[in-house]
Structure formats: structure tokens, C-alpha cells
There are 2 protein chains.
Amino acid sequence: MVRTVVEPAISEAPAAAGGESTAKGEQTRRLIVDTAVRLFGEQGYDKTTMRAIAAAAGVSVGNAYYYFPSKGHLVQAFYTTVQDAHADACRQVLAAPGPFVDRLRAAMLTGVETMAPYHGFAGSFFKTAAEPGSPLSPFSADSAPARERSLRMFADVVDGATTKIDPELRAELPELLWLAQMGVTLYWVHDTSPGQEKTRLLVERSAPLIDRLVGMSRYRVFRPVVREVLTLYRLLR
Amino acid sequence: MVRTVVEPAISEAPAAAGGESTAKGEQTRRLIVDTAVRLFGEQGYDKTTMRAIAAAAGVSVGNAYYYFPSKGHLVQAFYTTVQDAHADACRQVLAAPGPFVDRLRAAMLTGVETMAPYHGFAGSFFKTAAEPGSPLSPFSADSAPARERSLRMFADVVDGATTKIDPELRAELPELLWLAQMGVTLYWVHDTSPGQEKTRLLVERSAPLIDRLVGMSRYRVFRPVVREVLTLYRLLR
DNA sequence: GGTCGTAGTTGAACACGTTCAAGAAGGGCG
DNA sequence: CGCCCTTCTTGAACGTGTTCAACTACGACC
């Protein structure tokens with residue numbers, strides 16, 4: 001078997017502060033994760049075996065498991081990549097303040113747009129993410145960084161909104177919107193319509209709907225029900 | 001290995017109408033599914049291997065696959081069992097007409113109650129059901145019978161409700177409530193609180209909430225938004 | 001009774017994710 | 001240089017779900 005020789009790169013300051021990785025280890029880690037991400041994109045989740053990843057990266061199977069506890073953890077890297085792209089795509093649109101409905105639609109739509117190329121892939125690995133104890137679950141500790149980033153994005157959506165919103169609702173809104181996007185993603189994964197046009201329709205039409213509901217929250221009549229929903233949400237979180 | 005000899009039972013009318021199974025085949029099929037259901041309940045999904053099922057049933061692994069295309073299809077049988085129990089538990093409560101809120105709470109609560117013993121099990125096999133193409137998905141063709149039965153139950157919940165409901169909403173309500181129960185189940189699977197008390201809380205408090213929203217649907221002010229939601233739902237179904 | 005076709009049954013074999021005992025590499029220290 | 005410790009790497013091995021070619025049992029038909 002042909003083995004690529006990896007030279008030790010530039011000599012590095014030895015683990016300055018809390019550095020848990022040497023230059024060599026980090027290089028192998030990247031090599032593996034890059035190869036995995038590439039193969040996932042090319043062939044989907046199930047078709048991309050750990051043996052194939054290891055072979056393509058020029059390392060042994062065991063070596064991949066030295067850096068990643070499971071195949072699922074390799075997907076986490078893939079997921080992070082996609083999410084970074086989503087955040088980037090949103091930045092421009094969310095730069096200037098504007099109506100809540102536009103910002104919400106933009107955030108959700110670019111999300112669907114960014115994920116689009118990976119629809120098949122997402123379908124095949126979704127089961128892993130849906131498992132309760134899985135590190136890939138959006139609610140898991142392992143997903144905390146990705147979740148935080150996404151939440152910050154929705155906080156930005158709310159902060160830059162010129163629409164008037166009930167203050168109590170406004171505080172919880174980013175989290176609720178993130179949850180809504182999880183719902184959209186759930187629908188998207190199961191959406192078999194060509195180009196996932198149904199999911200686009202869902203976003204296109206639920207954004208104004210959410211906007212209307214949020215707008216209504218300011219009126220006194222709805223205060224009790226809004227409070228009830230928020231209280232329940234806090235209890236269940 | 002000890003092998004139970006299976007006598008051909010009572011001689012049977014040969015495949016009267018559309019009968020696709022002989023007596024012997026049906027017996028083996030039942031033997032396998034009963035064994036599988038028992039082991040699933042005793043040890044959970046992952047711990048119960050196909051080899052263990054086959055061994056406990058006194059057949060070969062290949063024989064199990066002759067009757068069931070995959071391990072997941074064996075769970076379908078388990079799921080059906082639980083759902084039957086749920087329907088039975090509801091029948092008594094739903095016999096006499098009453099307020100919508102009571103009927104809804106009862107239906108959902110008995111659902112949680114019926115599933116309770118299998119929480120651990122459900123968690124481990126949930127990933128299989130969540131997969132888009134899976135026959136175990138509640139939206140799949142294979143799940144059609146179970147889905148129909150559940151829908152009929154929620155239709156009963158609505159039909160026997162003495163509460164006044166917007167007719168247009170009333171027509172779609174059973175399906176929406178079924179969807180809501182899917183949501184509750186989704187939460188339940190991920191609920192790690194002792195005895196899944198949080199899920200009970202969710203049902204306990206969301207039933208009056210849904211009731212209130214349904215009640216509000218009759219007022220003219222909300223007609224546009226109700227219609228919008230229903231239209232969107234029909235488009236996405 | 002014999003023959004044939006279908007239904008039923010078997011267990012070895014495959015590919016997969018994952019584990020693990022063993023070893024190699026490399027650098028710091030006396 | 002020699003020793004040791006940590007980091008990194010290996011590939012065989014395990015247990016899993018699933019497949020498949022071969023075999024058996026059995027009822028129907030001539």
C-alpha cells in the first residue's frame with residue numbers, strides 16, 4: 001500500500017496553554033476529517049465506510065478511532081462546516097436592521113439553501129442524530145458549540161428587527177426560532193419533493209405566519225396565552 | 001439443540017380469499033414475532049440480536065429473514081401491540097361524549113401511560129423509525145394500518161366533543177391532533193426526567209392550551225389566520 | 001405411487017462499526 | 001548514549017444485521 005509520508009511541518013511551540021494537541025496529531029486529525037467530509041459529500045453516509053475513509057486518508061482504521069470516538073463524530077465536523085456556511089450566507093442579509101419577517105425568512109431560507117446539496121446525505125445520517133443519547137443530537141453536549149452559534153444567529157435576527165415585539169416573548173424568541181428551524185429541518189429531511197420545494201414553501205409561508213403571531217403578542221388580549229406558552233416552554237426545556 | 005416439534009394444528013380451509021399464508025408459515029411467523037416482542041421488552045432493542053431471537057424461537061437466522069425483511073419490521077409488530085393497548089385503554093374514557101379538553105387530555109395521557117414501560121426500548125429503536133425511508137416511520141406505507149387506527153381514535157376524540165369548533169378546522173383536527181401526538185412522542189423519547197414526568201406535564205398543560213386555541217378558532221377575527229394555517233398544512237401534507 | 005413446484009428452512013459468509021493489545025515514533029532527561 | 005514516557009499507529013478480531021445458494025418438507029397433479 002502506498003503511504004504518504006507526512007513531514008513534521010514547521011516546528012511548533014510545545015503546547016503553550018491548555019493545548020491538548022501536537023502538530024503531528026493535529027495534522028492527522030485534519031487529514032482524516034477532511035477526507036471523511038469529502039467522501040460523505042461524494043457518496044453519502046452509509047456508502048462511506050470507516051475503512052474507506054481510512055484507506056483514502058492513508059491511515060489505519062484504528063487510527064481514525066484514536067481521534068474520533070465514532071463515525072457519528074466525523075459527521076459533527078461535516079455539520080459544523082455546513083453551519084459555518086449558513087452563518088456566512090446570513091451575515092450579509094442580516095447586516096442592516098429591517099422588518100422581523102424579512103430577517104426570519106432570510107435566515108431560514110438561506111439555511112435550507114445551504115443544506116440543499118446534502119439532502120441525500122442528511123437523510124442517511126439523520127437517524128444517528130435523532131437517537132436520544134447520540135452526540136449528534138442537536139440537544140447534546142457535543143453539539144453545544146454548533147447550537148450556541150445557531151442561537152446567536154437567531155438572536156441577531158431578533159435584535160435587528162424593527163418590528164415591535166412583546167419584551168417577555170422577545171427574550172425567549174431566539175430559542176423558539178431555533179426550535180422552529182429544527183422543525184423545518186425535520187420536515188426538510190423527510191421532504192421528497194423535487195428540489196425540496198415544499199420545504200421552501202413551508203419557510204416562505206410560515207415566516208409571515210410567525211410574524212403575525214409575534215405581532216399579535218403585543219395585544220393585551222393575548223397576554224395570558226402567551227405567558228402560558230412561555231411558562232410551559234421554560235418548564236420543559 | 002432442543003427443537004420444539006410443531007404439529008400442523010387444525011386442518012385449515014386452504015387460503016379462502018386472498019390468504020397469502022399457510023398454517024405452517026403463519027405459525028412460524030407468530031413464533032418469531034412473539035419471541036422478538038418478548039425479548040425486546042426484556043432486554044431492549046440493541047441487546048436483542050437477530051441471532052438471539054432466532055435461537056430463542058428455535059429457528060435459524062435466515063428463517064427470521066424469510067418472514068421479516070429487517071429487524072425493524074419486527075419492531076413494527078411490537079409497536080402495533082402497544083398501540084392496540086392504547087386504543088383499548090381509551091375506549092372506556094371516550095365512550096361517553098364530553099368536553100373536548102377532557103377527551104384530548106385522556107387520549108394523550110393514556111398514550112404516554114401505555115408507552116411508559118417501553119421508554120428505554122423506544123429510545124434505542126427510535127433512530128430506526130426516524131430515518132426518512134424507513135418502513136418504521138409513522139409516515140411510511142408500512143405504518144399505514146397503525147396510522148389509520150390512531151387517526152380514527154383522534155377522530156373519535158373530536159366527534160364526541162361537546163365543545164363548539166369551527167367546522168373547517170374540525171375536519172382537519174383529527175390529523176392535526178395525531179401530528180401533535182407525534183410531537184409529544186418525539187419529546188417523550190428524549191425525556192430523561194424520572195418517570196417521564198415532564199412529558200406528562202407537557203400533556204397536562206398543552207391540552208387546555210390546544211383547547212383554548214381551538215375554541216378561539218370560532219371567532220371571526222381569527223378566521224384568516226386559521227385558514228392560512230390549514231391551507232399551508234394541506235399544501236405540505 | 002411418482003414427480004414436480006412451491007413454501008419453508010438452514011448456516012455459512014459478507015461487510016460493516018468498533019475495540020484492543022501490541023508496537024513504533026519521538027522527544028526529554030540523566 | 002540509554003532509558004523512559006507519552007503520543008501516535010497498526011491490523012487482527014469481535015459482534016452485529018443481512019444475504020444467499022443449497023437443501024428439505026409437503027401438497028397437488030398425473
Side-chain angles (χ1 to χ4, degrees), chain A residues 1 3-9 11-15 19-32 36 39-40 43-55 57-75 124-125 127-128 131 134-136, chain B residues 1 3-9 11-15 19-32 36 39-40 43-55 57-75 124-125 127-128 131 134-136:
Chain A
M1 182 192 294
R3 182 76 45 79
T4 309
V5 175
V6 179
E7 52 260 273
S11 79
E12 189 193 33
E20 54 192 350
S21 58
T22 68
K24 190 184 175 191
E26 188 53 30
Q27 192 154 8
T28 309
R29 182 193 198 87
R30 278 261 214 282
L31 175 64
I32 292 169
L39 292 184
F40 281 149
Q43 327 177 335
Y45 182 72
D46 286 326
K47 293 262 178 74
T48 305
T49 69
M50 289 301 283
R51 284 168 179 79
I53 295 171
V59 300
S60 69
V61 201
N63 203 5
Y65 277 94
Y66 178 76
Y67 291 102
F68 301 93
S70 78
K71 190 182 177 184
H73 282 80
L74 277 168
V75 181
S124 60
F125 100 94
K127 63 166 183 292
T128 313
E131 184 159 29
S134 167
L136 276 157
Chain B
M1 184 191 293
R3 181 79 44 82
T4 310
V5 175
V6 179
E7 53 260 275
S11 78
E12 189 192 34
E20 56 192 350
S21 57
T22 68
K24 189 184 177 192
E26 188 53 31
Q27 192 151 13
T28 310
R29 182 191 198 88
R30 277 261 214 280
L31 175 62
I32 292 169
L39 293 183
F40 281 149
Q43 326 177 335
Y45 182 71
D46 286 326
K47 293 263 179 75
T48 305
T49 68
M50 290 301 284
R51 284 167 182 79
I53 294 171
V59 300
S60 69
V61 198
N63 203 6
Y65 278 93
Y66 178 77
Y67 292 101
F68 300 94
S70 78
K71 191 182 177 185
H73 281 81
L74 277 167
V75 180
S124 60
F125 102 92
K127 61 168 184 290
T128 313
E131 184 159 27
S134 168
L136 277 158

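A note on names: the letters A, B, ... follow the listed sequences, proteins ahead of strands, and every chain is numbered from 1.
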May I ask you to verify if any side-chain N or O of A:T49 is less than 4.0 angstrom from the OP1 or OP2 atom of C:dA15?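 A:T49 to C:dA15 OP1/OP2: no side-chain N or O under 4.0 Å.
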Please state whether the phosphate of D:dT9, meaning OP1 or OP2, lies under 4.0 angstrom from any side-chain nitrogen or oxygen of A:Y66.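 No.
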Between atom [atom1] in [X] and atom [atom2] in [N], what is the gap in whole Å?
X	N	atom1	atom2	answer
A:Q27	D:dT7	CD	P	18 Å
A:H73	C:dG17	NE2	P	16 Å
B:Y65	C:dC14	OH	C1'	13 Å
A:E131	C:dG17	CD	C1'	14 Å
A:F125	C:dC16	CZ	P	20 Å
A:N63	D:dA12	CG	P	16 Å
B:K127	C:dG17	NZ	C1'	12 Å
B:Y67	D:dG17	OH	P	20 Å

With respect to the side chain of [X], which nucleotide from [options] is positioned closest?
X	options	answer
B:S70	C:dG11, D:dG17, D:dT18	D:dT18
B:V59	C:dT18, C:dT10, D:dT9	C:dT10
B:M50	D:dG17, C:dT18, D:dT9	D:dG17
B:K24	D:dG17, C:dG8, C:dG17	C:dG8

OG-NE2 distance between A:S134 and A:H73, expressed to the nearest 0.5 angstrom: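 Output value for this atom pair is 7.5 Å.
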Suppose we call a contact any N or O donor and acceptor under 3.5 Å apart; does that hold for the side chain of B:R51 and the base of D:dG17?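 Indeed, a donor on one side and an acceptor on the other fall under 3.5 Å apart.
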A:F68 and A:M50: side-chain contact (heavy atoms from CB on, under 4.5 Å), yes or no, with the steps? CA-CA 11 Å; A:F68 301 93; A:M50 289 301 283; 6.0 Å; no
Knowing that exactly one of B:V61, B:L39, B:V59 qualifies, which makes a side-chain contact (heavy atoms from CB on, under 4.5 Å) with B:I53?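 Of the listed options, the one satisfying the test is B:L39.
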Touch class at under 4.0 angstrom, heavy-atom based, for B:F68 against every strand present: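 B:F68: no heavy atom of the nucleic acid under 4.0 Å.
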Examine B:K127 relative to B:Y45 and say whether NZ or CZ is less than 6.0 Å from the centre of the six-membered ring and inside a 45° cone about the ring axis.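 Verdict for B:Y45: no cation-pi partner in B:K127.
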Within 45 degrees of the axis of the six-membered ring of B:Y66 and under 6.0 Å from its centre: does B:R29 put its NZ or CZ there?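 No; the conditions do not both hold, so B:R29 does not lie above the ring face of B:Y66.
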